Amino acid sequence: MATANIDGIGIDYRESGSGIPLVWIHGFPLSSDVFERQMTIEGCRHIAPDLPGFGRSDRRPAMTIDSYADVVIGLLDEIAIPAAVFAGLSMGGYIVFAIARKAKERMRGVILIDTRETPDSEEGRRGRHEMIAAVRSHGPELVVEQMLPKMLTPETIEQRPEVRERLEAIMKSASTDGVIASLSAMADRADSTPLLPQLNIPALVAVGARDAVTPLSDAERMARALPDATLLTIPDAAHLSNFEQPAVFNEAVKKFLERIVETNR
Ligand code: MLT
């Protein structure tokens with residue numbers, strides 16, 4: 001891990017490989033560790049930050065999706081990367097959309113993993129605020145208990161204990177500040193529906209066939225709205241499709257990157 005100071009926030013990030021820059025933005029309540037099986041995909045320079053309050057990065061009590069996007073853009077400025085492919089997992093996808101609104105000229109492609117372009121419903125927002133109150137009184141463990149069963153398929157939870165345990169450790173590394181700040185950021189996020197038809201760069205939309213948090217219908221809708229999208233449905237995967245089925249996911253990313261490199265030649 002390396003560390004950068006972005007506007008006074010210590011941001012830890014993984015970096016490996018060489019080639020086209022590929023920025024991995026994690027979801028909630030995770031860290032860059034959720035991409036550890038992607039860091040070996042060849043032909044690209046991987047950059048995977050821990051967002052503020054997650055993994056080993058400094059905590060911040062209040063964040064918005066836009067301020068997470070500013071941290072990622074600031075990191076790329078700091079390490080002198082003018083343009084990249086941006087991959088966002090769930091909340092990371094919301095951040096990719098915010099980066100697209102701020103700095104589309106820096107995007108050579110996007111990988112949208114188990115995410116959605118629509119904002120929270122009123123009921124969804126209420127649920128986030130109830131969760132914030134519960135985390136304030138009982139700590140972030142509660143989120144781990146509630147979310148872990150949605151992240152992986154029941155078969156993986158039962159039959160691949162090493163995968164479940166690794167995920168649990170990643171989720172438990174989230175700080176109270178990080179969890180509260182990101183719940184509030186997600187509740188207030190913008191509607192990215194109008195952005196999609198304007199995102200005229202190659203897009204890979206990946207979804208676990210059994211994702212119940214951001215289901216296949218969300219991925220299909222995004223793939224239809226994007227001008228140049230490929231839809232990848234990953235069998236035997238729930239919400240963390242890259243983590244649960246890395247071989248299938250990585251193969252598709254490799255092909256996607258080859259296409260981007262080829263068209264930029
Ligand atoms: C995530 O995986 O990042 C979150 O579940 C996304 C969300 O709650 O909207």
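Every number for a ligand or one of its atoms is a count from 1 in the order of the listing. If you're wondering where the values come from, they're calculated on a predicted model, not measured in any experiment.
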* To do: Describe, in one word, how the ring planes of Phe54 and His26 are oriented to each other, choosing from parallel (under 30°), tilted (30 to 60°) and perpendicular (over 60°).
  =>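 Phe54 vs His26 ring planes: perpendicular.
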* Structure fact -> Correct closest heavy-atom pair for Pro227 and Leu199 would be CD-O, 3.4 Å
Measuring from the heavy atoms of [X], does anything fall under 4.0 Å of ligand 1?
X: Arg116; answer: no
X: Lys150; answer: no
X: Arg128; answer: yes

* **Sub-3.5 Å N/O-N/O distance, Phe28 and ligand 1** => yes
Got more than 12 heavy atoms from elsewhere within 6.0 Å of [atom1], [X]?
X: Lys102; atom1: NZ; value: yes
X: Glu165; atom1: CD; value: yes
X: Glu42; atom1: CD; value: no

* Asked: Counting N and O atoms only, with roles assigned by atom type, does the side chain of Arg125 sit under 3.5 Å from a partner on the main chain of Asp120, one being a donor and the other an acceptor?
  ->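 Checking the backbone N and O of Asp120 against the side chain of Arg125, a donor-acceptor pair under 3.5 Å is found.
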Could you list which atoms of ligand 1 come closer than 4.0 Å to a heavy atom of [X]?
X: Met147; result: 5 (O)
X: Tyr94; result: 6 (C), 7 (C), 9 (O)
X: Gly27; result: 3 (O)

* Asked: Between Arg189, His26, Met91, His239, which one has a non-hydrogen atom sitting closest to atom 2 (O) of ligand 1?
  -> His239
* Structure fact -> Nearest non-hydrogen protein atom to atom 4 (C) of ligand 1, with distance, is Ser90 OG, 3.4 Å
* Asked: Do Met91 and Leu142 share a hydrophobic cluster, counting only Ile, Leu, Val, Met, Phe, Trp and Tyr and linking them when any side-chain heavy atoms are less than 4.5 Å apart?
  -> yes
